[in-house]
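Quick note: residue numbers are just sequence positions, from 1. What you see is a predicted model, and the numbers here were worked out from it, not measured in a lab.
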Amino acid sequence: MAYKEFHLSNLMEQVLEVNPDFEELDELKSAKGEEPTFYLENLLSRSLEQKQSSAKKDPFKSLEAFIDLEGESWYPVLKRLKRKKGNGKKAIYLFNSYDEATGKEFVKAFKVNKRGKLKLLKRNFTKEMFDTDSESGKGASSYYQLSIVSCAPDGDMKKSAEGCLGGGGGGGGSGGGGGSVPSSFKLKTINIKDKKEGWLNRADIHHIAVLWEFFEPNTFYSSMFYHISGTEIRKVKKKELNENLSVDKFLASRNASGVLQYLIFEHDNFPAPEQESIISGPLGTTFEIKYRSWNKDYHHQLLNVNQSNPGIPSISNFSIDKNEIYYKIQ
């Protein structure tokens, strides 16, 4: 986590050094949406171009610091949370963090000091603190969130990174893509009862689905490959907790035959660890799925797809209702 904070801080410090009035860039002034998000690479490049300046440090070192980390690449972004008077040097910058001792996510607040460095203002900056300062008049600050996303920038400042926030790239062949797939089993309804996420972020609900085909006892095969980030089901806001939400995510063809290994989890970006879910299957088999998250999964399950393996429920009209989650497959 310190690695992530160091390089994000370094990039933001360079933006502020070159252009503390970055909000005056045409692309930011015209940004639509409640909380527009911009790639720091684009923001720094555009600031250097406008000011006809150069950074004192090599900005690419901190950009490259997030490339090919444990087989994944990430891209730093700046999200505007609240805009007040004053330039970026008077703003407060928030980082989502994680306490391994408590197993809880929390938010750190940083302020720019006289030397132009981001220094810790508050280790546990709460939603109540944010709301109080945001709603006050005199002395209220602008707020930004510094984080990383999995989608690479394309150099167009006008394109926001909002659609990629928090997401991990979809895994090839995980069977979790959206869209209309005829004659298929789909995840149709989901109800998240525990966000498993700090107040600053929405819950990124992802899933992994792998269909295994059996040929003989203890011999099974799957042509599907998945990524530990899985595939996004949807982002869930705090106000959407305990609500039945309609989704339409493909799981398996109705013509398929085998056992579907299925897992739903709250996805977190680097440096969240690789978790492991293990479940016993038919014929003495053991199935394992790895996923990236600070938390244990919401639920994992084996489901029969046009088979009748003892002790495994059918995928058809399957539903589960637990303390943390409800979902239904149709």
Side-chain angles (χ1 to χ4, degrees), residues 1-2 4-51 53 55-57 59 62-63 66 75-97 105-149 153 157-158 160-162 165-166 198-202 269:
M1 191 63 76
K4 178 180 176 181
E5 289 179 6
F6 171 81
H7 287 290
L8 286 175
S9 295
N10 182 48
L11 283 166
M12 194 66 231
E13 288 164 6
Q14 292 186 70
V15 170
L16 293 170
E17 177 186 313
V18 175
N19 186 12
D21 297 306
F22 61 83
E23 278 282 6
E24 297 305 313
L25 289 170
D26 291 340
E27 294 86 350
L28 269 71
K29 289 169 70 175
S30 62
K32 296 181 180 180
E34 183 180 348
E35 297 175 346
T37 306
F38 298 93
Y39 289 99
L40 281 173
E41 179 180 350
N42 290 349
L43 184 57
L44 182 58
S45 298
R46 184 71 177 86
S47 294
L48 290 169
E49 175 189 320
Q50 187 191 61
K51 297 294 182 179
S53 178
K56 291 182 180 179
K57 300 178 183 178
S62 281
L63 289 171
F66 294 103
Y75 305 91
V77 295
L78 178 74
K79 181 177 183 178
R80 181 200 294 155
L81 302 173
K82 295 289 182 182
R83 176 78 170 103
K84 299 289 183 178
K85 292 182 179 180
N87 64 28
K89 289 187 176 181
K90 298 189 179 298
I92 292 175
Y93 297 88
L94 305 181
F95 293 75
N96 208 60
S97 193
E105 294 185 48
F106 64 99
V107 175
K108 290 183 177 180
F110 287 75
K111 189 97 173 171
V112 182
N113 66 12
K114 293 181 179 180
R115 296 175 54 242
K117 302 293 184 181
L118 264 63
K119 292 299 180 181
L120 185 64
L121 175 68
K122 187 74 176 178
R123 186 181 185 276
N124 187 10
F125 192 78
T126 66
K127 181 67 163 59
E128 292 71 24
M129 294 175 184
F130 175 77
D131 290 339
T132 299
D133 189 57
S134 298
E135 293 167 4
S136 64
K138 185 177 180 181
S141 305
S142 293
Y143 281 88
Y144 299 93
Q145 179 186 0
L146 287 163
S147 61
I148 54 177
V149 297
M157 271 285 291
K158 293 183 179 179
S160 171
E162 176 64 23
L165 269 188
W199 67 265
L200 190 56
N201 294 335
R202 300 173 184 176
N269 286 338

Original post:
Excluding sequence neighbours, so at least two apart, what forms salt bridge (charged side-chain N to carboxylate O under 4.0 Å, His left out) with Lys127?
Top reply: Asp131

Subject >> Heavy-atom closest pair, residues Ile148 and Val77 >> reply: N-CG2, 4.4 Å

Subject >> Parallel, tilted or perpendicular: ring planes of Tyr143 versus Phe125, cut at 30 and 60 degrees >> reply: tilted

**OP:** Can you see which heavy atom on Phe130 is nearest to which on Lys82, and at what distance?
**Re:** CZ-CG, 3.5 Å

Original post:
Under 4.5 Å between any side-chain heavy atoms of Met12 and Leu16, yes or no?
Top reply: yes

**OP:** Considering non-hydrogen atoms only, spot the tightest contact between Ser141 and Lys111 and give its length.
**Re:** OG-NZ, 3.7 Å

**OP:** Quick one: list whatever passes ring pair (Phe, Tyr, Trp, His ring centres under 6.0 Å) with Phe106, sequence neighbours left out.
**Re:** none

Original post:
From Lys119 NZ over to Lys114 NZ, what is the distance, rounded to the nearest 0.5 angstrom?
Top reply: 14.5 Å

Original post:
Of all residues at least two apart in sequence or in a different chain, which pass the side-chain contact (heavy atoms from CB on, under 4.5 Å) check with Asn201?
Top reply: Asn96, Gln145, Glu197

Original post:
Taking atom OH of Tyr75 and atom CG of Leu63, what is their separation to the nearest 0.5 Å?
Top reply: 10.5 Å

Original post:
Partners of Lys108 by salt bridge (charged side-chain N to carboxylate O under 4.0 Å, His left out), sequence neighbours excluded?
Top reply: Glu5

Less than 3.5 Å apart, which donor and acceptor atoms pair up between the side chains of residues 87-94 and the rest of the protein, not counting sequence neighbours?
residue, atom, partner, partner atom, Å
Asn87, OD1, Lys89, N, 2.9
Tyr93, OH, Gly88, O, 2.6

**OP:** Just jot down the side-chain hydrogen bond (donor to acceptor under 3.5 Å, both in side chains) partners of Lys122, sequence neighbours excluded, or say none.
**Re:** none

Subject >> Reported CZ-to-CG distance for the pair Phe66 and Leu11, which is rounded to 0.5 angstrom >> reply: 7.0 Å

**OP:** Verify side chain to side chain contact (heavy atoms under 4.5 Å, CB included) between Leu118 and Leu146, making sure each step is shown before the conclusion.
**Re:** CA-CA 12 Å; Leu118 264 63; Leu146 287 163; 4.0 Å; yes

Original post:
Taking C-beta and beyond as the side chain, do Leu200 and Leu81 meet within less than 4.5 Å on heavy atoms?
Top reply: yes

Original post:
If you look at every heavy atom in Leu8 and Ser147, which pair is closest and at what distance?
Top reply: CD2-O, 3.7 Å

Subject >> Centroid-centroid under 6.0 Å between Phe110 and Phe95 rings >> reply: yes

